[in-house]
Each structure stands twice: as C-alpha cells, then as structure tokens.
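Reading through the structure tokens given below for one structure.
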Amino acid sequence: MNGLKFLEIKEIKNRGRLIEDKFIIYDKKAEIYKILEKFYIPFEYDEIENAFIIYGYKS
C-alpha cells in the first residue's frame, strides 16, 4: 500500500551560492484543519507529534 507518509509545509528563501538558505516555517494548522473539515476527511490531531493523522476509512 502506497500513501502519503507526511507533509511538511515551509518556505525556502535562496540567499545565494555562498550563504546558507534560510528556512521559514509557518504554522498552517488552522488552514489545514479547515480543509479537512470542509471535505469531510477523517482525521485527528496528535498534540505530541504536532501532526494531523488522516484516516482513509475511519467513520
């Protein structure tokens, strides 16, 4: 069975060849929550892992 293992949302700003790239991490929890609710996708949020767990057949 193949599926999505995890999804991490972040913005990478390229600052040149000699300077390390800058990673900016945004909290998109509210936006993801709204999308999952809107499309009736079964999920739960794990506070320990700070991750959404999406179920394919949970009712």
Side-chain angles (χ1 to χ4, degrees):
M1 173 187 249
N2 293 329
L4 181 65
K5 180 86 173 175
F6 68 91
L7 173 66
E8 183 177 12
I9 301 171
K10 62 183 174 181
E11 177 184 348
I12 302 172
K13 290 196 176 190
N14 187 316
R15 299 180 348 175
R17 291 177 35 188
L18 301 177
I19 301 174
E20 204 173 297
D21 289 339
K22 183 176 182 181
F23 291 92
I24 301 172
I25 300 174
Y26 296 101
D27 183 12
K28 296 293 182 180
K29 180 179 174 182
E31 289 89 345
I32 294 171
Y33 181 85
K34 287 179 188 177
I35 292 168
L36 295 173
E37 287 288 318
K38 179 179 178 181
F39 292 104
Y40 304 105
I41 299 171
F43 72 94
E44 63 183 49
Y45 188 76
D46 186 344
E47 294 289 339
I48 297 169
E49 296 290 329
N50 292 324
F52 287 94
I53 300 170
I54 299 173
Y55 299 99
Y57 297 101
K58 186 176 181 182
S59 54

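F39 meets the side-chain contact (heavy atoms from CB on, under 4.5 Å) test with I35, I41; sequence neighbours excluded. With sequence neighbours left out, the side-chain contact (heavy atoms from CB on, under 4.5 Å) criterion links F52 to K29, I32, Y33, L36, F43, Y45.
How far CD of E37 is from NZ of K34: 11.5 Å, rounded to the nearest 0.5 Å.
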